[in-house]
Amino acid sequence: MSKYLKYTKSFYFLGLVFFAAWMIFIDSNNVVNQVKLSSKLGQLEDQKEFYLERREKIKAEREELMSNPELLEKFAREKYLMKKNSEDLYVIVKK
């Protein structure tokens, strides 16, 4: 037991313990912050993957819309309520 007490009173041991405590709990780049940042990075990478897939889907839909005039007309009528001059437009809103 006295062997361990001899090392705990050493300046180097106390400095090492202080340094470890500083790096684990007090420093701005401590272990807790690193774990939080790592989980946040994982979430952001998942979101990036989702948005890249969504972007590809939207590109394909846009390409299909621009290549088919009938589909473009249908989209304009439904989304932007556009109509021809000789038509009447009725909008039914469900409550």
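Positions are given from 1, in the same order as the sequence printed here. Side chains are part of it too, since the values below use all heavy atoms of this structure and drop only hydrogens, waters and symmetry mates. Quantities reported herein were computed from a predicted structural model and do not represent experimental measurements.
When the side chains of ILVMFWY residues are joined at heavy-atom separations under 4.5 Å, either directly or via intervening members, Phe25 and Trp22 end up in a single hydrophobic cluster. Linking ILVMFWY side-chain heavy atoms closer than 4.5 Å, directly or via other members, places Ile24 and Phe19 in a single hydrophobic cluster. No path of Ile, Leu, Val, Met, Phe, Trp and Tyr side chains, each step under 4.5 Å between heavy atoms, connects Val93 with Tyr90, placing them in separate hydrophobic clusters. A chain of hydrophobic side-chain contacts below 4.5 Å, direct or via other Ile, Leu, Val, Met, Phe, Trp or Tyr residues, connects Val31 to Met23.
Glu53 contributes no side-chain N or O that, together with a main-chain N or O of Phe50, makes up a donor-acceptor pair within less than 3.5 Å. No donor-acceptor distance shorter than 3.5 angstrom exists from the side chain of Asp27 to the backbone of Asn30, with no hydrogens or angles considered. The backbone N or O of Glu63 lies less than 3.5 Å from a partner atom in the side chain of Ser67, making a donor-acceptor pair. Side chain of Asn29 to main chain of Gln34: no donor-acceptor pair is present (N/O by atom type, distance under 3.5 Å, no hydrogens or angles).
In this structure, NZ on Lys59 lies 10.0 Å from CZ on Arg62, to the nearest 0.5 angstrom. To the nearest 0.5 Å, the span separating OH on Tyr51 from CG on Asp46 amounts to 12.0 Å. A distance of 6.0 Å separates CG in Asn33 from CG in Leu37, rounded to the nearest 0.5 Å. Here the CZ-CD distance, from Arg54 to Gln47, works out to 12.0 Å after rounding to the nearest 0.5 Å.
Within a 6.0 Å sphere centred on CD of Glu64, heavy atoms belonging to other residues, nucleotides or ligands number 12 at most. The neighbour count for Lys83 NZ, taken as heavy atoms of other residues, nucleotides or ligands under 6.0 Å away, is above 12.
Heavy atoms only, all atoms of each residue included: Glu73 and Lys84 are closest at OE2-CE, 3.6 Å. In plain terms, the two heavy atoms of Leu71 and Leu65 that are nearest each other are O-CD2, 3.6 Å.
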Residue pair Leu52, Glu56: steps toward the side chain to side chain contact (heavy atoms under 4.5 Å, CB included) verdict: CA-CA 6 Å; Leu52 287 175; Glu56 292 300 320; 5.8 Å; no
Checking Met82 against Glu87 for the side chain to side chain contact (heavy atoms under 4.5 Å, CB included) test, could you report, in this order, the C-alpha distance in whole Å, the side-chain angles of both residues, the deciding distance, and whether it holds? CA-CA 10 Å; Met82 293 183 170; Glu87 294 178 332; over 6 Å; no
Derivation and outcome, side chain to side chain contact (heavy atoms under 4.5 Å, CB included), residues Lys74 and Glu78: CA-CA 6 Å; Lys74 178 183 175 193; Glu78 291 175 358; 3.0 Å; yes
